[in-house]
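What follows is a single structure, written as structure tokens, with notes after it.
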Amino acid sequence: MFKKVFAHWTKSKNPDSKRYRYDMAQKICGHHIKYVTERHADDVEEVIGKNGGLNIRDDEFIVFASADIIMRCKIEDMQAWELMSHDGVVITAPDLEHGGVERTIIVHYVYYR
């Protein structure tokens, strides 16, 4: 009980800090993915993966869907924020899996009740 309260009091609130990024990665890790979309320059949103999960390996964050790695990035370079509904997360980072190109993807979680 005390550990949760203490962690809440000392939680970083600066989205540019390394600690905030690691805390956010820990928070969203383990969620099951319903689908992943990516918005292109012409404001067209395309589904790029379905059925997968969010994982952390060493210091990298991995988005796995449709039996493929959709995005792999360093946690310290990742910017992530949850959707207002808490049904998903938006991730922006240089994608190591696709040559280091900066991408923004929207991950929608599976809804369990």
Side-chain angles (χ1 to χ4, degrees):
M1 169 75 182
F2 182 71
K3 185 176 180 182
K4 285 184 180 180
V5 172
F6 185 73
H8 178 72
W9 284 340
T10 61
K11 187 167 68 171
S12 175
K13 294 176 179 47
N14 180 5
D16 295 328
S17 73
K18 195 175 190 181
R19 181 173 175 200
Y20 179 89
R21 293 176 184 198
Y22 275 93
D23 288 345
M24 180 58 83
Q26 287 291 331
K27 181 178 180 182
I28 63 178
C29 177
H31 278 95
H32 297 280
I33 295 174
K34 184 175 185 179
Y35 61 95
V36 181
T37 62
E38 182 175 18
R39 182 169 291 172
H40 298 288
D42 54 355
D43 289 334
V44 175
E45 206 165 304
E46 176 186 9
V47 176
I48 58 174
K50 294 182 178 182
N51 300 329
L54 301 173
N55 296 307
I56 295 175
R57 180 180 295 156
D58 298 328
D59 63 341
E60 293 181 346
F61 193 80
I62 300 170
V63 179
F64 183 82
S66 295
D68 194 20
I69 295 177
I70 302 294
M71 178 182 237
R72 181 172 57 93
C73 61
K74 296 283 187 187
I75 295 174
E76 58 195 32
D77 297 333
M78 178 180 82
Q79 294 178 345
W81 55 95
E82 288 189 301
L83 300 177
M84 289 181 69
S85 63
H86 294 283
D87 289 340
V89 65
V90 179
I91 301 171
T92 300
D95 187 2
L96 301 175
E97 195 67 22
H98 295 96
V101 177
E102 184 157 317
R103 295 173 64 198
T104 299
I105 62 171
I106 301 128
V107 177
H108 298 269
Y109 304 144
V110 172
Y111 180 71
Y112 291 111
R113 191 160 257 254

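This structure is a prediction, so every number in the text was calculated from the model and none was measured.
Between atom CD1 of residue Ile105 and atom SG of residue Cys73 there is a gap of 8.0 Å, rounded to the nearest 0.5 Å. For the atom pair Gln26 CD and Phe61 CZ, the distance stands at 9.5 Å (nearest 0.5 Å). Put simply, CG on Asp77 and NZ on Lys18 are 10.0 Å apart, with the number rounded to the nearest 0.5 Å.
Ile28 is listed as a side-chain neighbour of Met24, based on a closest heavy-atom distance under 4.5 Å. Between Arg21 and Met78 the shortest side-chain heavy-atom distance does not fall below 4.5 Å. Between Asn14 and Tyr20, every side-chain heavy-atom pair lies at or beyond the 4.5 Å cut-off. Side chains of Val63 and Val107 form a contact here, defined as non-hydrogen atoms less than 4.5 Å apart. Residues His108 and Thr37 have side chains in contact (heavy-atom distance under 4.5 Å, counting atoms from C-beta outward).
For Tyr22, there are no ring-ring contact (aromatic ring centres under 6.0 Å, His included) partners two or more places apart in sequence or in a different chain. Residues passing the side chain to side chain donor-acceptor pair (under 3.5 Å) test with Ser17 are Ser12, sequence neighbours excluded. Contacts of Phe64 classified as ring-ring contact (aromatic ring centres under 6.0 Å, His included), with partners at least two apart in sequence or in another chain: none.
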Table please: side-chain donor-acceptor pairs of residues 87-96 below 3.5 Å, with sequence neighbours left out.
{"from": "Thr92", "atom 1": "OG1", "to": "Thr104", "atom 2": "OG1", "distance (Å)": "3.0"}
{"from": "Asp95", "atom 1": "OD1", "to": "Arg72", "atom 2": "N", "distance (Å)": "3.0"}
{"from": "Asp95", "atom 1": "OD1", "to": "Glu97", "atom 2": "N", "distance (Å)": "3.1"}
{"from": "Asp95", "atom 1": "OD2", "to": "His98", "atom 2": "ND1", "distance (Å)": "2.5"}
{"from": "Asp95", "atom 1": "OD2", "to": "Arg103", "atom 2": "NH1", "distance (Å)": "2.5"}

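Ile33 and Ile56 end up in the same hydrophobic cluster when Ile, Leu, Val, Met, Phe, Trp and Tyr side chains are linked at under 4.5 Å. Note: the hydrophobic cluster containing Ile106 does not contain Ile48 (ILVMFWY, side chain heavy atoms under 4.5 Å, direct or indirect links).
Every pair passing salt bridge (Lys or Arg N to Asp or Glu O under 4.0 Å) that includes a residue from residues 43-58 is listed here, sequence neighbours excluded: Arg39-Glu45.
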Trace of the side chain to side chain contact (heavy atoms under 4.5 Å, CB included) decision for Ile62 with Leu54: CA-CA 6 Å; Ile62 300 170; Leu54 301 173; over 6 Å; no
Residue pair Asp23, Lys27: steps toward the side chain to side chain contact (heavy atoms under 4.5 Å, CB included) verdict: CA-CA 6 Å; Asp23 288 345; Lys27 181 178 180 182; over 6 Å; no
Full working for side chain to side chain contact (heavy atoms under 4.5 Å, CB included) between Asp59 and Lys74: CA-CA 6 Å; Asp59 63 341; Lys74 296 283 187 187; 3.5 Å; yes
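Residues Lys34 and Tyr109 come closest through the heavy atom pair CB-O, 3.7 Å.
Hydrophobic cluster membership for Val47: Tyr35 (Ile, Leu, Val, Met, Phe, Trp, Tyr linked by side-chain heavy atoms under 4.5 Å, directly or transitively).
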